[in-house]
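Structure first, commentary second.
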Amino acid sequence: MLETFRWLSKLGDSKAEWKKSEANDAIHWFRQAVGFVLGFVLGVIPLVGGVYLAIAIALNFALTWLFYSRVLQISDSHFEETSADPSQQLLQQGAMPSFAMMLVTWTITYTLLH
């Protein structure tokens, strides 16, 4: 369990070297937090509909990109071992669980408050 969250100590260090598994864990858990917050905000402010869902998804991807490019300072050349686009791999990391977290949080918050 301790090994899973070892990456937390690297967040403040701009010169930290990120292993692929650590970067994936950091992005996954960041996305879960973003999904929870977005779901809560959409539920508290009674926003419903596909437009707000699309906005939430776009915000999730934008914040994830900012997180891995600015906070983690990972460039596309960092993960050259695969033939697929590294930035696309990082953006997809944890996307569906985060979407599910956002929907569940949004539904529960909206149902309880409105």
Side-chain angles (χ1 to χ4, degrees):
M1 181 71 177
L2 202 60
E3 194 68 29
T4 304
F5 294 103
R6 188 174 300 258
W7 55 268
L8 282 173
S9 63
K10 291 184 175 184
L11 282 178
D13 186 8
S14 62
K15 304 221 187 297
E17 289 291 322
W18 289 90
K19 295 179 189 172
K20 187 172 183 175
S21 63
E22 291 173 334
N24 286 340
D25 284 347
I27 290 169
H28 174 82
W29 289 110
F30 174 77
R31 282 194 103 129
Q32 299 316 303
V34 168
F36 180 81
V37 170
L38 285 174
F40 186 76
V41 168
L42 290 173
V44 169
I45 305 168
L47 301 175
V48 294
V51 173
Y52 299 111
L53 183 64
I55 290 170
I57 291 170
L59 269 173
N60 194 322
F61 276 94
L63 291 173
T64 301
W65 179 80
L66 285 172
F67 180 70
Y68 89 75
S69 66
R70 303 286 187 230
V71 176
L72 299 182
Q73 297 180 352
I74 296 174
S75 65
D76 287 347
S77 63
H78 189 76
F79 298 120
E80 292 183 18
E81 71 235 19
T82 61
S83 60
D85 183 20
S87 61
Q88 186 179 18
Q89 287 179 343
L90 290 172
L91 278 177
Q92 291 175 353
Q93 182 66 30
M96 291 311 290
S98 177
F99 179 69
M101 172 71 78
M102 183 201 62
L103 283 179
V104 168
T105 307
W106 185 3
T107 303
I108 292 172
T109 305
Y110 185 86
T111 302
L112 289 175
L113 297 178
H114 306 287

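Every value quoted in this text rests on a predicted model; they were computed, and no experiment measured them. Computed over heavy atoms, backbone and side chain alike; hydrogens, waters and symmetry mates excluded.
Every residue two or more places apart in sequence or in another chain that forms a side chain to side chain contact (heavy atoms under 4.5 Å, CB included) with Leu112 is listed here: Ile108.
No continuous path of ILVMFWY side-chain contacts below 4.5 Å connects Leu113 to Tyr110, so the two sit in separate hydrophobic clusters. Hydrophobic clustering (side-chain heavy atoms under 4.5 Å, transitive across Ile, Leu, Val, Met, Phe, Trp, Tyr) keeps Val44 apart from Leu59. Under the 4.5 Å side-chain heavy-atom criterion for Ile, Leu, Val, Met, Phe, Trp and Tyr, Ile57 and Val104 are members of distinct hydrophobic clusters.
The line from CZ of Phe40 to OG1 of Thr109 is 5.5 Å long, rounded to the nearest 0.5 Å. In this structure, CZ on Phe61 lies 7.0 Å from CD on Gln92, to the nearest 0.5 angstrom. Atom-to-atom distance recorded for Leu66:CG and Tyr68:OH is 10.0 Å, nearest 0.5 angstrom. Distance CG/Leu72 to OG1/Thr64: 10.5 Å, rounded to 0.5 Å. Atom CG in Leu63 sits 13.0 Å away from atom CZ in Arg70 (nearest 0.5 Å).
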Side-chain donor-acceptor distances from residues 95-102 under 3.5 Å, at least two apart:
unit_1: Ser98; atom_1: OG; unit_2: Arg31; atom_2: O; d: 2.7
unit_1: Ser98; atom_1: OG; unit_2: Asn60; atom_2: ND2; d: 2.6

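Closest approach of Leu53 to Trp106, counting heavy atoms only: CD1-CZ3, 3.8 Å.
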